[in-house]
Structure formats: C-alpha cells, structure tokens
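Scroll down for the structure; my scribbles are underneath it.
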2 protein chains.
Amino acid sequence: MRIAFARPAATDATVTDSDAPTNGSDSDDPSRLRTLDEPTHAEAADHVEAAIDRGDLVTLFGRCTVRYEGRAASTLGPGDRHVMLKPDGAALVHTDEGQQPVNWQPPGGTHEARVEGDHLLVCCRRETPSEVIAVRFERIVQASAFAVSDAETLTLSGTEEDLKRRILDDPAVVESSFQPLATERDTPAGAVDIYGEDADGRPVVLELKRRRVGPDAVSQLHRYVDAVERDLHADVRVRGVLVAPSITDRARRLLAERGLEFVPLEPEPTAPDGDSLVE
Amino acid sequence: MRIAFARPAATDATVTDSDAPTNGSDSDDPSRLRTLDEPTHAEAADHVEAAIDRGDLVTLFGRCTVRYEGRAASTLGPGDRHVMLKPDGAALVHTDEGQQPVNWQPPGGTHEARVEGDHLLVCCRRETPSEVIAVRFERIVQASAFAVSDAETLTLSGTEEDLKRRILDDPAVVESSFQPLATERDTPAGAVDIYGEDADGRPVVLELKRRRVGPDAVSQLHRYVDAVERDLHADVRVRGVLVAPSITDRARRLLAERGLEFVPLEPEPTAPDGDSLVE
DNA sequence: AGCTATATGTCGCAG
DNA sequence: CTGCGACGTATAGCT
C-alpha cells in the first residue's frame, strides 16, 4: 500500500468500503480513479468488489496463476500478469507478450473477488456456455479502478462493406455492363454478397473480400453458385466471380477447376497518401 | 500527481528519469512498479519512454482520441480509455466494453510517447504491413509501468489436437475397422487431418473439428476429398468424413449433397465433472 | 438462443 | 517472408 500509515493492521480484517485507503482522488473527484499499491489481499478484495459494484473498469497487476474451464480447459502457472475486469462482464488476463490475452472471458459474465486462503481469488463466470476463469494472486502490486465513460463509436473504413458500396456505385469496376440486382440475396447455401446479370443477361454471383483470398473464399463462392443454379433450376449457367484485392496461387487453381472467375479490386481507391497521422 | 511536493515546477521542463517522481517503489524494489497519477503530459511522456526502454509493460488511463491507418483506417472521438503497451511491441486500446480492443497493434512494432501541443501523443508503428496507431491524450489519469516476468506457458486441453489423438488412440471411435494411415497427408488442396482406409480398403479422408461445424467445414472436407481423388487418379471413390461434436442443419444438407459423412465425436470423453475451479 | 459470415481478426507452423 | 488453417476465436446481423 502506498499510504502505509492509513492502512489497518495487516490482519485479515475486512476494510470498509468508504474507509478504504484508496488514493489518487477523493470519492467525488471527477477523475474517478481509485488505486491501491501493494494492498493486502483483503484490501484488494474489498477494493475490487466495490469497483465492480460501482461499474468501474478494474485493473490488477500482480503475480498469479490462472485456471479456465468451459468450452475447453487450461491452466497457467505462476507469473506476473495484468488482469482487466470490464463493467460489461468481460475479463482479460495479459502476459508481457502477444496481442491476445492468455485467458479471457467474453462480455456478459460476472466478476467476483475474495480472499481464499493466502491468495486473492478473482473469479469470472458466464453461462451458455458455462465457463469460469479463476485467477489466484499470491501478490497484488497494484489494483486500480477507473470509471470509464466512452460515448464514441469507432469509424472504420476499408471494410468489405466499403468494397460493396464501391461496386454498387459503379458496377463497371467489376465488368462493363454488369448490373447488380440484389445484395444479400438468399440461397439455400447462404446469402450472396451481390447478385446480378452480365451483358448477356446471364446470372452472376459476386463474392467480396476486403483482402487477399485463399481456397476458403473459392469454396464459399462455389457453394453459392451451386445453390443459385439449383434455385433457378433452369439450364442457365451461373457465373461466379470472386472480387478481392488479390488471390493466392492455390485459390486461383481451384477457381479455374470450378470454372469461376476473379476480378482484382480494393475496398477503396488507392489514394495518393495525404495527411499522415503524425507530422 | 500524487506526490506533489516531489514534482518539479509544472513547466514543460523534462523530468529526469532517475529523479522522476515515480512512486510505489524504489527503483530497485523487486515489485518493479512505477506509477504516476495525474501527471503532466511531459512527465507522462518521460515516464512512458523510460518504461519502454526498460522493457516494462505500460498502462495508461485517460481521456484520448485514437486514429489508425494501415490495412484499414479508423478514427475514434474523445473518451476515457485504457491503453496497454507491451514490451514485445503490441499495443491495445480498450474501452469499457467488449473483449476486443477498440484499436490495437500486433507484436513486433515500436512504441513512442511525446508531447505534441497540448496532448500526450502515443504512437505505435509496425512495418509489413505498414501500420500506425496514434493515441492522443488530453488528460492522463494514471500511467503505470510494471516489469512483468512470465516464464510459464499455457496448458490447453479440448483442442482439435486432442480429438486427433483420441482417434489415433482408438480408431474405432470413428468406425469399426477404420485404419489411420497418415496424419497431415499432403494434397494439392492442403493437408488432410487424418487419412486412412475403411473395412473394405477404401480411402477415407477425415476432417476434424473441435466444435460444432457449419458449411465452411463441409467445403473444406470437399476440397480435400476432391484433391485426393485426383491424386489417386484411380477409379476408387474416396470417402470423406467430418468428425466433430455436432453439425448444423445446412451443413448436414451440404454434406449429403456431396455424398460426405458425419461422425459425432468430442475432443475429450465427457467426464463426470470432477473438481471445480473454486469450491 | 442458434446460424452464418466478417475481421485491421491473431497465431502458429510449414515451405 | 507468404500460405494455410485453427482458435476457448469475438462480433454483428438475422431468424
């Protein structure tokens, strides 16, 4: 603990919420940060429980083990890690490496912190499917709680949706006289990205991908073309066109075997790079 | 800042690393935690830069905007968020919701923190592909650095690998007299999970999935069966069997259309649930 | 709640 | 490095 003089005797006595030796801000400080450095397990448990109740985002630095059981099961021996508990029920355990958490829990679950023997136990549960993460801290270096408020939503470009718009805006980028008739056209095999007709009036199925495609995309297109041909149950041959920035060799071979086509196209026109994010 | 008396005059004067008003631990304290609460931008910049140089895992709480440009591009307006910079070059920006970061950078990149106007700019770059995240803080509530050490690796069970072992241990779980001949057998379409022969000596291709399968898995199996049939270029018909816990209706239909088969099997025998993670 | 497809997917492994 | 497939994938949209 940072404010040692304010700490109760290091018994396992429960620390009352409002009297807890949080620091960094008064309880009505707009910063909404509450931090404990090197707390006892009991202090940390109270701190975390109170933060969860308030709806704060909680972080914990410390040495811990992790066990998971649910769709699969895992164990992780002792090490220094960072744990994040989100107010929406999500939980993340990060090591020093990797973009992905070593263990996690999706949103919708519940968090719980309590002392268990000589450990702080942080438990994150969810149902459907029933899953649990148990994080056992032998030492907590820092426990922070922050009342995060974020009204903004991400604006993203360069997606498959952008590629779709680009084609609908100017169908000629696919092929001259291509005419889109429907998007998300339903078939027994699933929804077709763009369905239309070529210059000769033949049906065309487009499958769009925002990036370089492999064999899986070819199979997907193949399924749709098959399904539409059955659907029309006429003797017309349905064209299948994969639209993506590029294609791998194996995918191109597969495409040829199945009589399908490829049109190279980026989600967005390649701009003569303008402003950079940092000057 | 928490330790106000230790802080230099709040000019933009650079804070010397070793004299920086970190707290929570001395520089050689084994806890290896260094935290600043409500630092100035200049203080935070120095703190973060020093932590990156040391190879610490860095976290930042505060109000910021985020811009990303690379494979795609995005912008995110001002809000309270949590930023994590890992020593391996990974970066994560988390809001109060979702398991996934709202913005991120995979490992391998470089981090940088500096004052830019009235903001703290945290920049995370990587090459191949060239990508940048720029996080601009208007306010930093807390900046922590922790020398994370984690020697352990995750032990995971219930994977496709477990399913494969289960079949190789006792091929009869697939079908009586099924005989595995190879795993990862190479074909022009990719590697087959398990290749073998049935009681009649006919070639069998197994595709394994650790969980319920949809149409994509059927297509994958179909590709492999096609490829093996061409490969053998004999007139033998190759059987294709999807092995997974369960299958969706549409996938089952697709499977039937292509003359393929399904065998229900879990990655691990369903145990009469033993010890729970918490008692 | 289940099904389907996308994703700045990430990650690991092989060529 | 690219290619390819698995992943406790997560996430969104739709029935």
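Note that the coordinates shown come from a computational prediction; the quantities given were computed from them, not determined experimentally. Quick note on labels: first sequence line is chain A, next is B, and so on, each numbered from 1.
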OP1 or OP2 of [N] sitting under 4.0 Å from any side-chain N/O of [X]?
X: B:Q100; N: D:dA10; value: no
X: B:R211; N: D:dC7; value: no
X: A:T248; N: D:dC4; value: yes
X: B:Q220; N: D:dA6; value: yes
X: B:Y224; N: D:dC4; value: no

Check the distance between [N]'s [atom2] and [X]'s [atom1] and give it to me in whole angstrom.
X: A:D193; N: D:dC14; atom1: CG; atom2: P; value: 14 Å
X: B:E97; N: D:dA10; atom1: CD; atom2: P; value: 17 Å
X: B:H94; N: D:dA10; atom1: NE2; atom2: C1'; value: 12 Å
X: A:I247; N: D:dC4; atom1: CD1; atom2: C1'; value: 14 Å
X: B:E184; N: D:dG5; atom1: CD; atom2: P; value: 11 Å
X: B:E160; N: D:dT9; atom1: CD; atom2: P; value: 11 Å
X: B:L163; N: D:dC7; atom1: CG; atom2: C1'; value: 14 Å
X: B:L221; N: D:dG5; atom1: CG; atom2: C1'; value: 14 Å

What nucleic acid atoms does [X] come within less than 4.0 Å of, heavy atoms only: base, sugar-phosphate, or nothing?
X: B:P107; value: sugar-phosphate
X: A:A90; value: nothing
X: B:R126; value: nothing
X: A:P106; value: base
X: A:S74; value: nothing
X: B:P215; value: sugar-phosphate

Tell me if a side-chain donor or acceptor on [X] pairs with a main-chain N or O of [Y] at a distance below 3.5 Å.
X: B:D169; Y: B:R166; answer: no
X: B:H119; Y: B:F137; answer: yes
X: B:K86; Y: B:D56; answer: no
X: B:E131; Y: B:R71; answer: yes
X: A:R210; Y: A:G158; answer: yes

### Query
What integer number of Å spans the P atoms of C:dT4 and C:dT8?
23 Å
### Message
Taking only the P atom of each, what is the distance from D:dG8 to D:dC4 in whole angstrom?
### Response
23 Å
### Message
In the structure I gave you, are the side-chain heavy atoms of B:L85 and B:C124 within less than 4.5 Å of one another anywhere?
### Response
yes
### Query
Taking atom types as they are modelled, is there a donor-acceptor pair under 3.5 Å from the base of D:dG8 to the side chain of A:E69?
no
### Task
Give a yes or no on whether a donor-acceptor pair under 3.5 Å exists between the nucleobase atoms of D:dG8, that is its base, and the side chain of A:N103.
yes
### Message
Parallel, tilted or perpendicular, judged at 30° and 60°: which one describes the rings of B:F61 and B:H82?
### Response
perpendicular
### Message
Quick check: on DNA chain D, is the nucleotide nearest B:L156 upstream (toward 5') of the one nearest B:T128, or the reverse? Name the residue that is more 5'.
### Response
B:T128
### Message
Pick the closest DNA chain D nucleotide for B:Q99 and for B:T159 by heavy atoms, then say which residue is nearer the 5' end.
### Response
B:T159
### Heavy-atom contact window of chain B on DNA chain C, given 5' to 3' at under 4.0 Å
C:dC3 to C:dC11
#### Entry: First encountered from the 5' end of DNA chain C, between A:G98 and A:E207
A:E207
### Query
A:L154 or B:R212: which one's nearest nucleotide on DNA chain C is closer to the 5' end?
B:R212
### Message
Let me confirm one number: the CG-CG distance from A:L57 to B:D96, rounded to the nearest 0.5 Å.
### Response
7.5 Å
### Task
Scan for ring-ring contact (aromatic ring centres under 6.0 Å, His included) pairs involving residues 84-105 of chain B, sequence neighbours excluded, and state none if there are none.
none
